[in-house]
Amino acid sequence: MSTLSSNPPMLDESKLSPMMVQWYACKKMAPDAVLFFRMGDFYEAFYEDAHLLAKELDLTLTKRQDIPMSGVPFHTSEGYIDKLVAKGFRVAVAEQMEDPKQTKGLVKREIVRVVTPGTVINSTLLSDKTNNFFAALTKAGQVYGLAFLDLTTGECWVSEFTQERDLLNELYRLHPAEFLTSEKFKEKQASLFEDMRQTYSFLVNTQEEWHFEHQSAYDFLVQHFRVHSLDGFGLNGMVAAINAAGALLRYLQDALCLSIQHIQDIRSYSTSHFMVLDRMTQRNLELTHSLQDGSRRNTLLGVIDQTVTPMGARLMHHWVKQPLLHLTEIQQRQLGIQSFLDQCHVLEYFQEKLIHVKDLERLMMKVSAGYATPRDLVALHLSFQPINAIKSLLAPLSAEWVQRQVEKLNPLPEMNHRIAQALVDEPPLRLGEGKTFRDGYHQELDDLREISRDSKAWMARYQTQIREDTGIKTLKVGFNKMFGYFIEVSRGQADKMPDTFIRRQTLVNAERYITPELKDYESKVLTAEERIEAIESELFHQLRSDIVQYTKTVLEVAQALARLDCLSALAETARKYHYNCPTVDNSLTLRIEEGRHPVIETACRREKFIPNDTYLDDQQDRLLLITGPNMAGKSTYLRQVALIVILAQIGSFVPAKQAHIGIVDKVFTRIGASDDLSRGQSTFMVEMTETANILNNVTSRSLVILDEIGRGTSTYDGISIAWSVAEYLLTTEQRMAKTLFATHYWELTKLEEKVPGAVNYNVAVHEAEDHITFLRKIVKGGTDKSYGIHVGRLAGLPASVLQRAKEILEHLEENSNRKSAFEPAKIKRPSPQKLKVPQTDFQLSLFEN
């Protein structure tokens with residue numbers, strides 16, 4: 001995170017102008033932030049901030065009275081703020097707190113917000129499909145307290161953990177953009193933040209320890225939520241969580257000057273209610289982020305997220321990372337999906353209706369926090385237009401879960417009518433940039449608009465009236481910027497002018513007059529636009545305040561629509577990709593008939609995906625040892641089993657002809673190899689650390705995916721470790737997990753004879769002469785071949801390398817039991833070879849395209 005100096009520039013205030021004294025006071029309030037200081041239609045930056053803006057935003061650096069300055073227009077400021085925040089800077093925004101037109105002397109200015117990665121609101125940095133969390137961490141005794149919120153939606157959650165490992169897994173799931181903690185916690189838990197930084201970047205803020213003291217945090221929360229105790233939120237006894245939540249909300253309000261009035265609820269949860277997916281499993285299975293480019297493409301979420309609304313997309317993201325353990329909840333979702341599939345026309349029309357529903361959660365946050373624009377209120381109105389139609393459409397669906405959500409769809413006719421009655425259909429982006437309120441809504445506003453747009457017509461009518469009253473047909477009514485409105489007659493007609501007319505200007509051939517009526521009209525015209533803007537501002541702020549009372553109901557509607565959106569998305573996925581409803585129960589059976597990989601089968605639509613069966617239980621089929629060559633499909637098979645289990649416990653249908661899934665409490669994966677050089681860990685150390693984590697935390701209800709164990713060391717070491725790991729999972733009480741173990745060590749196939757519960761499988765291969773064809777089918781039985789040289793041929797290794805490899809392999813196989821097998825003298829020396837290079841009649845260039 002890029003930062004400024006934590007100290008403001010040392011300036012002699014006695015030599016500063018009143019304006020710069022005001023700027024200096026604001027700068028001292030946020031010394032480590034770039035200060036955007038409002039001056040009319042611009043935000044200005046001075047001194048170090050000015051140099052930074054000029055450099056980072058490619059702006060012009062100027063000077064006034066030897067003070068460096070740089071600025072950006074007010075109406076385009078959000079884009080510049082986004083760029084600075086994306087580069088790692090904090091931005092403090094100081095606004096004019098008074099109307100310059102109604103203030104004598106210097107306008108008062110104050111910092112109204114500090115923008116950081118976790119507090120962006122109107123920003124291109126935000127994704128509609130994911131939350132932007134700001135988290136607080138602390139520790140009370142042996143318990144970790146976690147609080148996190150999304151300012152843009154008003155969600156606020158707390159939880160507690162006794163193990164750092166569990167906390168780290170949850171933080172990996174949440175991916176907070178920013179953290180708050182104490183300096184003491186940051187120092188003692190340095191490894192936690194180091195682990196997180198291996199995955200993504202974030203900002204860490206620290207405060208003194210007293211900010212996390214229990215009584216202080218408790219009192220702040222009670223006062224903020226206006227309750228007598230926090231027990232009603234389910235926080236009874238959650239000391240660490242309360243400490244984190246209180247410190248977080250106070251920090252946002254006091255240190256970052258942000259409104260937290262829209263945070264009206266705080267909810268507690270326990271990760272024990274959900275399947276455990278540790279950070280390596282989330283990563284290896286590519287649940288929400290691709291290992292290739294970090295996007296949603298080619299991920300499980302990318303396949304099943306057929307949601308229409310932003311609220312639904314964010315909820316689906318959570319569903320994927322929080323598979324359920326409660327059987328009833330899973331079955332309720334299944335019934336809901338089936339009810340949509342039973343009436344596919346309802347599914348289609350429902351999703352069409354949802355297209356008109358905007359991001360109700362973030363719209364309502366803007367209303368509650370005072371950020372909403374006229375267009376935001378119209379979007380809120382349009383989002384509630386289809387609610388009655390949605391309720392009628394879903395009424396025939398039989399699922400109880402669906403009907404519970406439908407009951408929460410309050411169309412809020414009063415709010416809807418209020419907005420529709422007040423605002424024009426297409427208001428301006430910002431207040432004051434065009435017509436916002438309808439004609440007929442406010443009488444004075446209508447009169448002023450009439451004056452503003454009809455001044456020429458009024459002048460013509462007034463001129464006609466004066467001509468008739470005076471009998472002077474050549475009289476004219478005019479206007480100029482210097483003099484204003486006037487009545488002009490020739491000097492010869494001046495004696496006919498009434499005494500009530502006031503002479504104001506004498507010209508060579510004419511006299512100019514004014515009247516009280518004309519002067520009043522002039523005043524109205526000249527101030528009409530200013531008055532229109534003031535009235536519309538007053539009316540809009542009142543309308544926005546009136547809408548705030550509907551916040552709770554709007555959010556309930558938003559949450560119900562999000563759940564229905566997710567359910568319909570899973571139904572659409574099942575319909576589109578031919579998924580079937582699995583049987584989910586509390587047994588220890590895992591049976592999949594003709595299972596498919598949900599991501600790969602959609603990514604390779606041109607090639608038919610080869611399905612495979614799987615059977616695991618707690619008796620004779622506890623650990624499947626899968627052998628076979630690389631590229632044959634072992635890794636795909638392992639991952640697809642895990643993904644099918646996760647889908648089933650989300651409540652989704654699954655890509656299989658049939659499936660029986662006994663509730664799985666944890667899914668662990670050990671896949672691939674990678675160094676962790678930043679922490680001085682080799683590939684093998686990473687592999688062993690991950691394996692240790694699995695063995696120390698697995699239960700008999702877990703599913704373990706092992707794709708190669710022991711490959712990072714010598715062959716005999718590797719075989720020994722792999723054998724021992726398999727034995728541990730087969731024989732250790734409370735650790736006998738359902739396991740898929742893919743290996744190149746064909747020696748492990750002997751486990752089937754030695755230990756009950758181990759069963760050999762291999763990937764079928766068709767051999768013809770010197771070539772092989774991968775059949776992608778998992779069949780019973782082991783193999784004693786690795787086909788590595790065949791894979792080398794497919795990869796394009798030179799023919800001489802392949803031939804030499806065959807010679808060495810034959811020798812090693814003949815001497816496999818002799819320690820001297822690898823002695824140079826025992827292996828036939830290769831003949832020198834010349835590399836044939838194609839002849840060319842030109843010289844290669846390093847810069848050739």
Side-chain angles (χ1 to χ4, degrees), residues 284-287 298-304 306 320 323 334 337-338 341 570-585 587 589-617 621 623-662 664 667 669 671 703-707 738-742 759-766 772-783 787:
N284 289 334
L285 294 181
E286 298 181 287
L287 297 181
N298 298 325
T299 66
L300 181 64
L301 180 63
V303 171
I304 69 172
Q306 309 285 331
V320 167
Q334 288 180 339
I337 293 169
Q338 189 62 57
L341 292 175
L570 293 178
E572 175 61 19
T573 301
R575 184 197 65 77
K576 186 176 181 180
Y577 299 123
H578 310 291
Y579 288 10
N580 289 298
C581 183
T583 298
V584 181
D585 57 25
S587 71
T589 297
L590 198 165
R591 178 187 286 110
I592 300 169
E593 184 179 340
E594 295 186 14
R596 314 185 306 274
H597 194 294
V599 179
I600 292 178
E601 76 163 346
T602 59
C604 306
R605 300 295 288 175
R606 296 179 181 177
E607 183 180 344
K608 184 180 178 182
F609 188 91
I610 306 299
N612 275 294
D613 297 342
T614 304
Y615 181 75
L616 286 160
D617 61 17
D621 295 82
L623 186 146
L624 308 190
L625 273 164
I626 305 161
T627 49
N630 285 327
M631 295 180 59
K634 295 195 307 295
S635 294
T636 297
Y637 173 71
L638 298 182
R639 286 171 170 86
Q640 83 182 34
V641 172
L643 292 176
I644 287 172
V645 168
I646 289 169
L647 279 172
Q649 289 186 217
I650 287 171
S652 171
F653 287 17
V654 299
K657 183 178 180 181
Q658 288 184 355
H660 178 181
I661 312 295
V664 170
V667 174
T669 63
I671 294 173
L703 173 65
V704 176
I705 303 298
L706 299 175
D707 192 356
K738 290 180 279 291
T739 304
L740 299 177
F741 196 141
V759 184
N760 289 326
Y761 282 81
N762 72 90
V763 186
V765 172
H766 176 69
I772 60 169
T773 302
F774 301 130
L775 301 180
R776 316 289 185 191
K777 202 70 178 172
I778 307 297
V779 296
K780 266 201 171 187
T783 182
Y787 299 97

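- Here CG of D613 is found 11.5 Å from NZ of K780. Values are rounded to the nearest 0.5 Å.
- Contact check for Q640 versus I592: no side-chain heavy atoms found under the 4.5 Å cut-off.
- Heavy-atom minimum distance, L341 versus A571: CD2-O, 3.3 Å.
- Screening V704, L703, L623 for a side chain to side chain contact (heavy atoms under 4.5 Å, CB included) involving K738 leaves a single residue, L703.
- Pairing each heavy atom of H660 with each of S587, the nearest pair is NE2-OG, 3.4 Å.
- Counting heavy atoms from C-beta outward, V763 and I778 have side chains that approach closer than 4.5 Å.
- The side chain to side chain contact (heavy atoms under 4.5 Å, CB included) with L616 is formed by just one residue from the set L590, V759, T589; it is L590.
- A heavy-atom distance below 4.5 Å is not found between the side chains of I671 and S635.
- I661 places none of its side-chain heavy atoms less than 4.5 Å from the side chain of V654.
- Proximity of L638 to T669: side-chain heavy atoms (C-beta onward) are nowhere separated by under 4.5 Å.
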* Would E286 and N298 count as a side-chain contact (heavy atoms from CB on, under 4.5 Å) if you check the C-alpha gap in whole Å, the side-chain angles of each, and the deciding distance to 0.1 Å? -> CA-CA 8 Å; E286 298 181 287; N298 298 325; 5.9 Å; no
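- K777 approaches P611 most closely through the heavy-atom pair NZ-O, 2.6 Å.
- F609 CZ to T602 OG1: the interatomic distance, rounded to the nearest 0.5 Å, is 10.0 Å.
- In this structure, CG on N612 lies 12.0 Å from CZ on R596, to the nearest 0.5 angstrom.
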* Asked: Hey, mind stepping through Y579 and I337 against side-chain contact (heavy atoms from CB on, under 4.5 Å) and telling me if it holds?
  -> CA-CA 11 Å; Y579 288 10; I337 293 169; over 6 Å; no
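- No side-chain heavy atom of S652 sits less than 4.5 Å from a side-chain heavy atom of T573.
- Contact of the T627 side chain with the N760 side chain is not registered, since no non-hydrogen atoms from C-beta on lie closer than 4.5 Å.
- Between Y761 and L740, every side-chain heavy-atom pair lies at or beyond the 4.5 Å cut-off.
- Put simply, OG1 on T636 and CG on D707 are 9.5 Å apart, with the number rounded to the nearest 0.5 Å.
- Nearest heavy-atom pair across R639 and N284 is NE-O, 3.6 Å.
- Residues N580 and K657 share a closest heavy-atom pair of ND2-O, 3.5 Å.
- Note that the OG1 atom of T614 and the CD1 atom of I626 stand 7.5 Å from one another [nearest 0.5 Å].
- Q334 places a side-chain N or O within donor-acceptor distance of the main-chain N or O of P582, the cut-off being under 3.5 Å.
- Pairing each heavy atom of N762 with each of G781, the nearest pair is ND2-O, 2.7 Å.
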